[in-house]
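What follows is a single structure, written as structure tokens, with notes after it.
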Amino acid sequence: MSKPLLGCVADDFTGGTDLASMLVKGGMRTVQTIGVPEGTVVDADAIVVALKTRTLPVEDAVRESIDALRWLKQIGCKQFYFKYCSTFDSTPTGNIGPVIDAMMEELGTNFTIACPAFPENGRTVYNGYLFVGDVLLSESGMRNHPLTPMTDSNLLRVLAPQTRKNVGLVDRRVVIRGSEAIRAEFDRCKQGGQQIAIVDAIENDDLYRIDAAVAEFPLLTGGSGLAIGLGENFRRAGMLSASTDAATLQATSGRMVLLSGSCSVATNAQVERWLQEHAGFKIDPLAIHQGEDLVSQTVDWVMQHEEPVLVYASAMPEEVGQVQHQLGVEGAGLLVERTLSTIAVRLHERGFNKFIVAGGETSGAVVKALDVKGLRIGESIAPGVPWTQSIDGTPIALALKSGNFGTVGFFEEAMRQCP
Ligand code: ADP
């Protein structure tokens, strides 16, 4: 049984899984909890507490983040990490700045970094400006995000109004010179009265250089990319053994089913590909609304098949539009989420322990319905989408995919790689 070294607070669920996958890749055995667990003892090198605080009112986001941080302190973590989106999703009033301030105060530290860069995924920071692929953040699709539109790419200007701290910059000319130069620049920032440094990174090696410079920091903040070298930091300090196979999950027994409530372009293509060679059952939200018992029908249909099958509500935009027109956007969403998660519970009662789920909200609903409190993170099926296993009770294996992730053959790949 190992004591956790790294304690992370993630501002949304799939972002938490993304970070957890990165930590596993770096050789840290990682468990992601859904919210703050009640007194659970967790055997892992890193814990990621997944919250849903990105767009909450500031006070709620701060309170929930600090509750999570206190729990991570209490279970003995040595270093702490606040994970937000690599596109720095936030509003002018928060929540990234206020949560960083509160976490710094809780940990009694007067310096941290903010580094959303993840070059491998096309998120780079140069002279404090955040790029998405080849374009500035403010020229990317994030400009029109319904909840957190990002119209300024300069992270110093974005963060300054959100925080009571002074924000500085460690630019790429320093980062390229390695960890000693970066540390010296941190000292210069501190002498200049700055408490948060935005740090440039345009390639993965920059992140390793930065990580080597922050090994002693109580608090790190960033996207999932910044976590790339943290396992190495702990190994260098003799706190983590080199031999652990961080992604190993127990073998899971029981049957498998695939559930899809995502209507994203990628998922629709994945559903279509699956149906070319495997069986699927389509759920019609309007039929449920009219009182048809689709849950029982679907469960009976699934039980008639020996091979894994797909149950899906995924549909093309026009069809989704018609459903939403009749039931409302939220009403339609909740109805489908409730139906798919009830099907998951019924199948679980009938011996299904392996679930491949497409859709961020859909995954959240299924995990909640199955009463899963935490997930051990295994091997990645696609970037940011690992196989996971519930930590309490008889293990349930879950592959949770948010909409646009995965290649067209994702469902089949996930099925083949199931622990
Ligand atoms: P993604 O990760 O692709 O955004 P989500 O599960 O987060 O997927 O969101 C998709 C939403 O669309 C869910 O609330 C789901 O219940 C809803 N939905 C799924 N199928 C339909 C449909 N046929 N009509 C209307 N809404 C649907």
Side-chain angles (χ1 to χ4, degrees), residues 10-18 21 32 34 50-55 85-87 89 121 141-142 144-148 224 257-275 280-290 292 294-295 297-298 310-345 355-370 372 381-386 388 398-408 410-411 414:
D11 70 352
D12 89 334
F13 184 83
T14 41
T17 311
D18 195 7
S21 295
Q32 175 174 0
I34 294 111
L51 302 177
K52 215 175 166 185
T53 48
R54 188 167 295 167
T55 51
C85 192
S86 61
T87 42
D89 303 14
N121 280 1
M142 282 305 294
N144 301 315
H145 191 281
L147 303 175
T148 50
S224 59
V257 66
L258 297 87
L259 304 169
S260 178
S262 159
C263 301
S264 73
V265 176
T267 306
N268 279 330
Q270 290 158 350
V271 169
E272 202 181 314
R273 167 65 68 88
W274 171 267
L275 294 175
F281 188 99
K282 185 164 177 178
I283 304 264
D284 174 8
L286 294 176
I288 312 169
H289 182 66
Q290 280 154 15
E292 229 180 284
L294 276 190
V295 170
Q297 280 180 37
T298 311
L310 171 69
V311 175
Y312 64 104
S314 309
M316 293 297 172
E318 196 182 313
E319 200 180 324
V320 174
Q322 283 166 5
V323 173
Q324 289 176 336
H325 181 70
Q326 293 204 37
L327 307 180
V329 174
E330 205 178 325
L334 289 175
L335 185 70
V336 172
E337 285 165 35
R338 198 165 356 105
T339 305
L340 288 174
S341 54
T342 309
I343 291 169
V345 171
F355 297 87
I356 296 170
V357 188
E361 294 298 327
T362 310
S363 295
V366 169
V367 161
K368 197 163 171 212
L370 291 173
V372 170
I381 306 156
V385 195
T388 69
L398 294 141
L400 307 169
K401 182 192 89 79
S402 72
N404 275 315
F405 284 29
T407 59
V408 71
F410 175 84
F411 288 137

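Note that the coordinates shown come from a computational prediction; the quantities given were computed from them, not determined experimentally. All values below come from the heavy atoms of this structure, side chains included, with hydrogens, waters and symmetry mates left out. Start at 1 and go down the list; that is how both ligands and their atoms are numbered.
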[Y] side chain reached by [X] side chain, heavy atoms, under 4.5 Å:
{"X": "L259", "Y": "I356", "value": "no"}
{"X": "L286", "Y": "Q326", "value": "yes"}
{"X": "T14", "Y": "L400", "value": "no"}

For [X], take its heavy atoms, then give the atoms of ligand 1 lying under 4.0 Å from any of them.
{"X": "E337", "value": "13 (C), 14 (O), 16 (O)"}
{"X": "S264", "value": "3 (O)"}
{"X": "G360", "value": "1 (P), 2 (O), 5 (P), 6 (O), 7 (O), 8 (O)"}
{"X": "E361", "value": "5 (P), 6 (O), 7 (O)"}
{"X": "C263", "value": "19 (C), 20 (N), 21 (C)"}

If you measure from [atom] to every heavy atom of [options], which option wins on shortest distance?
{"atom": "atom 10 (C) of ligand 1", "options": "A315, G261, G359", "value": "G261"}
{"atom": "atom 2 (O) of ligand 1", "options": "P317, S314, G403", "value": "G403"}
{"atom": "atom 20 (N) of ligand 1", "options": "A313, A332, S402, A358", "value": "A313"}

Self-check item: Non-hydrogen atom of V320 closer than 4.0 Å to ligand 1
Solution: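 The answer is yes: ligand 1 sits under 4.0 Å from a heavy atom of V320.
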How far is [atom] from the closest protein heavy atom, and which atom is that?
{"atom": "atom 3 (O) of ligand 1", "result": "S262 OG, 2.7 Å"}
{"atom": "atom 27 (C) of ligand 1", "result": "V336 CG2, 4.0 Å"}
{"atom": "atom 16 (O) of ligand 1", "result": "G333 O, 2.8 Å"}
{"atom": "atom 6 (O) of ligand 1", "result": "T362 OG1, 2.6 Å"}

Quiz item: Is there a donor-acceptor contact under 3.5 Å from the side chain of K52 to the main chain of R54?
Solution: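 No, K52 side chain to R54 backbone: no donor-acceptor pair under 3.5 Å.
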Quiz item: At their closest point, which heavy atom of Q270 faces which heavy atom of F405, and how far apart are they?
Solution: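 In terms of heavy atoms, the two residues are closest at NE2-O, 3.0 Å.
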Quiz prompt | Minimum heavy-atom distance L335-P285, with the two atoms named | solution =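 Minimum heavy-atom separation between L335 and P285: CD2-O, 3.4 Å.
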Exercise. Mark yes when over 12 heavy atoms from residues, nucleotides or ligands other than Q297 sit less than 6.0 Å from its CD; otherwise mark no.
Key: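 Enclosed.
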Quiz prompt | All side-chain contact (heavy atoms from CB on, under 4.5 Å) counterparts of S314, not counting sequence neighbours | solution =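 Checked S314 against side-chain contact (heavy atoms from CB on, under 4.5 Å); matches are S260, T267, N268, V271, Y312.
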Quiz item: Between K282 and E319, is the closest basic N to carboxylate O distance under 4.0 Å?
Solution: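 Looking at E319 and K282, the cut-off is met.
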